[in-house]
*Asks:* 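Dropping a structure here in structure tokens format, bear with me for questions.
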Amino acid sequence: MELLSGAEMVVRALKDEGVKYIYGYPGGSLLHVYDALFQQEDVQHILVRHEQAATHMADAYARATGKAGVALVTSGPGATNAVTGIATAFMDSIPMVVITGQVMSHLIGEDAFQETDMLGISRPIVKHNFSVQRPEDIPGIVKKAFHIAESGRPGPVVIDLPKDMTTPTERYPYEYPQHVKMRSYTPITRGHSGQIKKATDLLLTAKRPVIYAGGGVIMGNASNELIELAQLLNFPVTNTLMGLGGYPGTDRQFVGMLGMHGSYEANMAMHHADLILAVGARFDDRVTNGTDKFCPTAKIVHIDIDPASISKTVQADIPIVGPAKVVLEEMVQLVNASQQRPDAAALHAWWQQIDEWRQRHGGRYRTDDSELMKPQQVIEMLSKVTNGDAFVTSDVGQHQMFAAQYYKFNKPNRWINSGGLGTMGFGLPAAMGVKMNFPDDEVVCVTGEGSIQMNIQELSTCNQYDLPVKILCLNNQSLGMVRQWQDMNYESRHSQSYMNSLPDFVKLVESYGHVGIKVEKYADLEGAMREAFALKDRLVFMDVAVDPFEHVYPMQVPRGAMRDMWLSKTERT
């Protein structure tokens, strides 16, 4: 049997797990591991400029592929810098393995240099964490970490690695486990057939149904099954922010995103539905608005792999615990085997009503005669220029909502954004993580002048590793979503929401060795955007000046029902 040091075991275990890239930043507690990385070529290390970016790169790889991404950070500030990225992954159920360096075992608890209690810090924001107590345990711990991260409801796992567990001169037998058996962890692999039968019978009697699909459809690789069931039944489909692309955005049955900034027709359909089939969604506050007023006439069927998510905020009439893919497959089989079909006349009337709502709003927005661009126009142009086929990452704010509303995602895993935590600074490193693993695809980061500055140092990483992502900055010279709330709720007292002293982004990105383009007129937008995407081997930053006074609509009235929305600055339902 081969003898390896603990540091060599870490690297070999990652190789044996099939890991190609890890994203990280070195430091004293991990130098043995970095030396082991140097002496092999199978696992490639990507040197970021800040540990938060390492976690976002790993996170985005996971969102795009469904496989766990890997980050490697040193102890103390290296580990704490990664906390935001770990929390981002946890909130959105993203599989990730984060290896954090730690001081030597005998120093733990002594307030040693660069010591932090990473187990305690990370416990609320991980699916599980490990502390390595013996070097020979490393292969088994790595195998368990990936198994836990990727199975059941996915999530991040932290491995805390004391430096003395990686000493180069101490060697131990290495064998990477082929299988994992954990008595205390047995993820559910199928739904309860009786519950699935009851739910299917209810679907077939519905007169005003809606399928409400979330990120669990995408992470559960259940998009095809969702499409098959929806089209078999001719039911309207709405997606959460995390679920966009789980059902084709250009299909007639898609009624748009739902929730706080959801489409008028999606929110109205949800409110008036008599049956809601929720798949891989958790009824979070950005969807339900006031839970006491949520969908008052609807029976609710809730499919989720996590039993703790069912009936957590909204009571399910028929709960089904199980993987979305397997449960939907069984539902399709039951519908095909049944002689019954939904009431055609009732369904026709329901679609007529939905089409009336579509006609009333349908994503409309106002343009004027000024040369100032609307952010909606910019996103629509992006969708046109990329044929709706790009990987789109985003930061958090108005630009994120405009991208979600006006870019039509027809494929799963293409919309990469921080939903639950709402992490500014996510967009650029996320785009980098996707581009590194999908070099032949178009990858664009939609951002704002506030968000992009959170991790703008990663332009250096892009230069080092030749990552020609495209960055589309909707520059409204303010923290747009903060300013919108201040307009609506604080009589336009814009406290600390204007971004003064902005850099010249074109010169800044050029100083990093990239291409910058400034666009101030709508007439120039398409040409500039096509020029940017024609530069296949260059990172291009498009600084696009947009109307600083534009708001995101629709917007739900706080604590109201789903039908209670502002449709414009002067129009309310």
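Source: prediction; values computed, not measured. We count residues from 1, following the sequence as given.
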*Asks:* Testing the 3.5 Å rule here: is there a donor-acceptor pair between the side chains of Arg171 and Ser5?
*Replies:* no
*Asks:* Using the side-chain hydrogen bond (donor to acceptor under 3.5 Å, both in side chains) rule, take Gln52 and Asn81 through it: C-alpha gap first, then chi angles, then the decisive distance, then the call.
*Replies:* CA-CA 6 Å; Gln52 182 182 344; Asn81 279 348; over 6 Å; no
*Asks:* Is any side-chain heavy atom of Tyr23 closer than 4.5 Å to one of Gln44?
*Replies:* no
*Asks:* To the nearest 0.5 Å, what is the distance between CD on Glu8 and CD on Glu2?
*Replies:* 8.0 Å
*Asks:* Indicate yes or no: at least one non-hydrogen side-chain atom of Val444 is less than 4.5 angstrom from one of Ile471.
*Replies:* no
*Asks:* List the atom of Thr55, the atom of Gly85, and the distance in Å for their closest heavy-atom pair.
*Replies:* OG1-CA, 3.1 Å
*Asks:* Quiz question: by atom type and distance under 3.5 Å, do the side chains of Gln464 and Thr461 form a donor-acceptor pair?
*Replies:* no
*Asks:* Evaluate the side-chain proximity of Val83 to Met118: yes if any heavy-atom separation is below 4.5 Å, no if none is.
*Replies:* yes
*Asks:* Mind checking the CE-CG spacing from Met91 to Leu421? Nearest 0.5 Å is all I need.
*Replies:* 6.0 Å
*Asks:* Is there a donor-acceptor pair under 3.5 Å between the side chain of Thr166 and the backbone N or O of Ala7?
*Replies:* no
*Asks:* I'd like to know if the side chain of Ser451 reaches the main chain of Gly448, judged simply by a donor and an acceptor atom lying under 3.5 Å from each other, with no hydrogens or angles considered.
*Replies:* no
*Asks:* Distance-only, no hydrogens or angles: does the Asp306 side chain make a donor-acceptor pair with backbone N or O of Ala308 under 3.5 Å?
*Replies:* yes
*Asks:* Within the supplied structure, the quantity of interest is the number of heavy atoms (other residues, nucleotides, ligands) at a distance under 6.0 Å from Glu175 CD; does it exceed 12?
*Replies:* no
*Asks:* What verdict does the side-chain hydrogen bond (donor to acceptor under 3.5 Å, both in side chains) test give for Gln477 and Glu449, after you've listed the backbone C-alpha separation in whole Å, the side-chain angles of each residue and the deciding distance to 0.1 Å?
*Replies:* CA-CA 7 Å; Gln477 301 183 41; Glu449 77 293 332; over 6 Å; no
*Asks:* If you apply the rule side-chain hydrogen bond (donor to acceptor under 3.5 Å, both in side chains), what do you find for Glu170 with Tyr172, and how did you get there?
*Replies:* CA-CA 7 Å; Glu170 297 176 6; Tyr172 304 88; 3.2 Å; yes
*Asks:* Just wondering, more than 12 heavy atoms not from Arg286 lying within 6.0 Å of its CZ?
*Replies:* no
*Asks:* Identify the two heavy atoms, one from Gly419 and one from Asp92, that lie closest to each other, and give their separation to 0.1 Å.
*Replies:* N-OD2, 2.9 Å
*Asks:* On a heavy-atom basis, which atom in Pro139 and which in Met9 lie closest, and how many Å separate them?
*Replies:* CD-SD, 3.8 Å
*Asks:* Do Ser131 and Leu161 have side-chain heavy atoms sitting under 4.5 Å apart?
*Replies:* no
*Asks:* Please round to the nearest 0.5 Å and tell me the distance separating atom CD of Glu380 and atom CG of Leu525.
*Replies:* 11.0 Å
*Asks:* Is the side chain of Glu51 donor-acceptor paired with the backbone N or O of Tyr25 at a distance under 3.5 Å, no angle test?
*Replies:* no
*Asks:* Tell me whether Tyr407 at atom OH has more than 12 heavy atoms from other residues, nucleotides or ligands lying less than 6.0 Å away.
*Replies:* yes
*Asks:* Run through Asn455, Asp395, Asn475 and flag the one making a side-chain hydrogen bond (donor to acceptor under 3.5 Å, both in side chains) with Thr447.
*Replies:* Asp395
*Asks:* Asn476 side chain to Val546 main-chain N or O, any donor-acceptor pair under 3.5 Å?
*Replies:* no
*Asks:* Is the shortest side-chain N to carboxylate O distance from Glu17 to Lys143 below 4.0 Å?
*Replies:* yes
*Asks:* Is the count of non-hydrogen atoms from other residues, nucleotides or ligands lying under 6.0 Å from Lys518 atom NZ greater than 12?
*Replies:* yes
*Asks:* Within this structure, what is the CG-OG distance for the pair Asn129 and Ser122, rounded to the nearest 0.5 Å?
*Replies:* 4.0 Å
*Asks:* Considering residues, nucleotides and ligands other than Gln39, do more than 12 of their heavy atoms fall under 6.0 Å from its CD?
*Replies:* yes
*Asks:* Do you see a donor-acceptor pair shorter than 3.5 Å between the side chains of Ser478 and Arg483?
*Replies:* yes
*Asks:* In Å and rounded to the nearest 0.5 Å, what is the NE2 to CE distance from His32 to Met165?
*Replies:* 11.0 Å
*Asks:* Once rounded to the nearest 0.5 Å, what's the spacing between atom CD1 of Ile141 and atom CG of Asp160?
*Replies:* 10.5 Å
*Asks:* Evaluate side-chain hydrogen bond (donor to acceptor under 3.5 Å, both in side chains) for Ser309 paired with Arg153, printing each intermediate quantity in order.
*Replies:* CA-CA 10 Å; Ser309 291; Arg153 180 179 180 176; 3.0 Å; yes
*Asks:* Quick one: salt bridge (Lys or Arg N to Asp or Glu O under 4.0 Å) partners of Arg530, sequence neighbours excluded?
*Replies:* Glu526
*Asks:* With a 4.0 Å cut-off on N to O distance, would you call Asp59 and Arg63 a salt bridge?
*Replies:* yes
*Asks:* Enumerate the residue pairs fulfilling ring-ring contact (aromatic ring centres under 6.0 Å, His included) with a member in residues 123-154, sequence neighbours excluded, ordered by first and then second residue.
*Replies:* His128-Phe130, His147-Tyr185
*Asks:* Under 3.5 Å, is there a donor-acceptor pair between the side chain of Lys325 and the main chain of Asn221?
*Replies:* yes
*Asks:* Report yes if the side chains of Leu472 and Met529 come closer than 4.5 Å at any heavy-atom pair, otherwise no.
*Replies:* yes
*Asks:* Is the ring pair Phe402/Tyr406 parallel, tilted or perpendicular, if the boundaries are 30 and 60 degrees?
*Replies:* tilted
*Asks:* Assess whether a salt bridge exists between Lys20 and Asp42, defined as any Lys/Arg side-chain N lying under 4.0 Å from an Asp/Glu carboxylate O.
*Replies:* no
*Asks:* Would you confirm whether Ser75, through its side chain, and Gln114, through its main-chain N or O, come within 3.5 Å as a donor-acceptor pair?
*Replies:* yes
*Asks:* Mark yes or no for whether Ser418, through its side chain, and Thr423, through its backbone, hold a donor-acceptor pair below 3.5 Å.
*Replies:* yes
*Asks:* What about Tyr21 and His45, are their ring centers closer than 6.0 Å?
*Replies:* no
*Asks:* Does any pair with a residue in residues 421-444 pass ring-ring contact (aromatic ring centres under 6.0 Å, His included), and if so which ones, sequence neighbours excluded?
*Replies:* His56-Phe426, Phe391-Phe438
*Asks:* Asp16 versus Val142: any side-chain heavy-atom pair under 4.5 Å?
*Replies:* no
*Asks:* Lys435 side chain to Asp441 main-chain N or O, any donor-acceptor pair under 3.5 Å?
*Replies:* yes
*Asks:* Determine the minimum heavy-atom distance between Gly246 and Leu226, stating which atoms define it.
*Replies:* O-CD2, 3.6 Å
*Asks:* Looking at Tyr512, is its backbone amide N or carbonyl O close enough to the side chain of Asn463 to form a donor-acceptor pair, meaning the two atoms are under 3.5 Å apart?
*Replies:* yes
*Asks:* Do Leu467 and Met432 have side chains that approach each other closer than 4.5 Å (heavy atoms only, starting at C-beta)?
*Replies:* yes
*Asks:* Would a 4.5 Å heavy-atom cut-off, applied to side chains only, mark His514 and Val540 as touching?
*Replies:* no
